[in-house]
Amino acid sequence: MILEIPAAKRVDARNGQIENANRGGAMLKTHMMKLGAALFGVVLFYGFISMTSAALFATRPATAVPVGEDGRAIAMDPNVVLAEAAPAASAAPAPAADDAAPAAEEPAEALAPRTEIDPATIVGDATAGEAVFQKNCKTCHKVDGKNAVGPHLDGVVGRATATVEGFKYSKGMQAHTGYWTAERMTAYLTDPKAEVPKNKMAFAGFKDDTTSIENVIAYLYSLSK
């Protein structure tokens, strides 16, 4: 047996369902609005706290404060503090007379081109010395007035050091001032690097071969006459 529900009751039931749905939607909307308001209030609160903290705890430039003998700070005029903190605008004072730059030294007196050589200091054999020169020196030096790897050596005995025109001497040789006497040539030909540090000559020296040194000096002296 099928019971038939009257049409009026069906309409009332449907209206009730619609009313319940509307009531639920209104409640949900109300809750969402409350939640949004609460979140907005939290954001405003934290923003206010952040601004207040920044204002209270902002770092300020340190200012030196004088302290008295009792350990307490001495009150100062703020205008004085500001004046002391400002950079000095005036130019630096001129140096005292004692601090002035020293006067330029006068250049050293130039050496004469040559000096006299005592013939008694020339003790070698010029003829034997020519053979020594041909074997050990001619690769880099000439005796015809022309420069090669090294400066020409005609007239070298008695000549001022590092004075051959047109030749670029090392700084070590430029500092080796004086004259090429037999004594100085002996020291140089024995060990060039020891006698004139940082010179450019590749020859290592005659070392203990004093005979060759004396002979080649005699040969070069003969070219200086």
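These numbers come from a predicted model, not from an experiment.
In this structure, Met185 and Thr181 have side chains that are not in contact, with every pair of non-hydrogen atoms separated by 4.5 Å or more. Using a 4.5 Å heavy-atom threshold, the side chains of Met173 and Met201 count as separate. Looking only at side-chain heavy atoms (C-beta outward), Tyr169 and Thr163 stay at 4.5 Å or farther from each other. A heavy-atom distance below 4.5 Å is found between the side chains of Tyr188 and Val196.
The shortest non-hydrogen separation linking Ser224 to Arg114 is CB-NH2, 3.9 Å. Nearest heavy-atom pair, Asn147 versus Val164, reported as atom, atom and distance to 0.1 Å: OD1-CG1, 3.3 Å. The two residues Ala204 and Pro192 have their closest heavy-atom pair at O-CD, 3.4 Å. Contact detail for Arg159 and Leu153: the closest heavy-atom pair is NH2-CA, 4.4 Å. Nearest heavy-atom pair across Tyr179 and Gly158 is CD2-O, 3.7 Å. Across Asp154 and Asp144, no two heavy atoms sit closer than the pair OD2-C, 3.9 Å.
Considering CH2 of Trp180 and OG1 of Thr115, their distance stands at 14.0 Å, rounded to 0.5 Å. Put simply, CD1 on Ile217 and CD on Glu183 are 10.5 Å apart, with the number rounded to the nearest 0.5 Å. In this structure, CG on Leu220 lies 11.0 Å from CG on Asn215, to the nearest 0.5 angstrom. With rounding to the nearest 0.5 angstrom, the NZ atom of Lys200 is 11.5 Å from the NZ atom of Lys171. Between Glu195 atom CD and Arg184 atom CZ the span is 6.5 Å, to the nearest 0.5 Å. The CG atom of Asn136 sits 5.0 Å away from the CZ atom of Phe203 when rounded to the nearest 0.5 Å.
Counting non-hydrogen atoms of other residues, nucleotides and ligands closer than 6.0 Å to NZ of Lys207 gives a total above 12. Counting non-hydrogen atoms of neighbouring residues, nucleotides and ligands closer than 6.0 angstrom, the NZ atom of Lys135 reaches no more than 12 such neighbours.
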Which atom pairs, donor and acceptor, lie under 3.5 Å between side-chain atoms of residues 121-129 and protein residues at least two apart or in another chain?
| from | atom 1 | to | atom 2 | distance (Å) |
| --- | --- | --- | --- | --- |
| Thr121 | OG1 | Asp118 | O | 2.6 |
| Asp125 | OD1 | Thr127 | N | 2.9 |
| Asp125 | OD1 | Ala128 | N | 3.3 |

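Each ring-ring contact (aromatic ring centres under 6.0 Å, His included) pair with one or both residues in residues 127-166, not counting sequence neighbours, appears once here: Phe133-Tyr219.
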Ile213 vs Thr190, side-chain contact (heavy atoms from CB on, under 4.5 Å): CA-CA, chis, key distance, verdict: CA-CA 7 Å; Ile213 295 173; Thr190 298; 3.3 Å; yes

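Criterion: ILVMFWY side-chain heavy atoms under 4.5 Å apart, direct or through other members. Under it, Val156 and Leu111 are not part of a common hydrophobic cluster.
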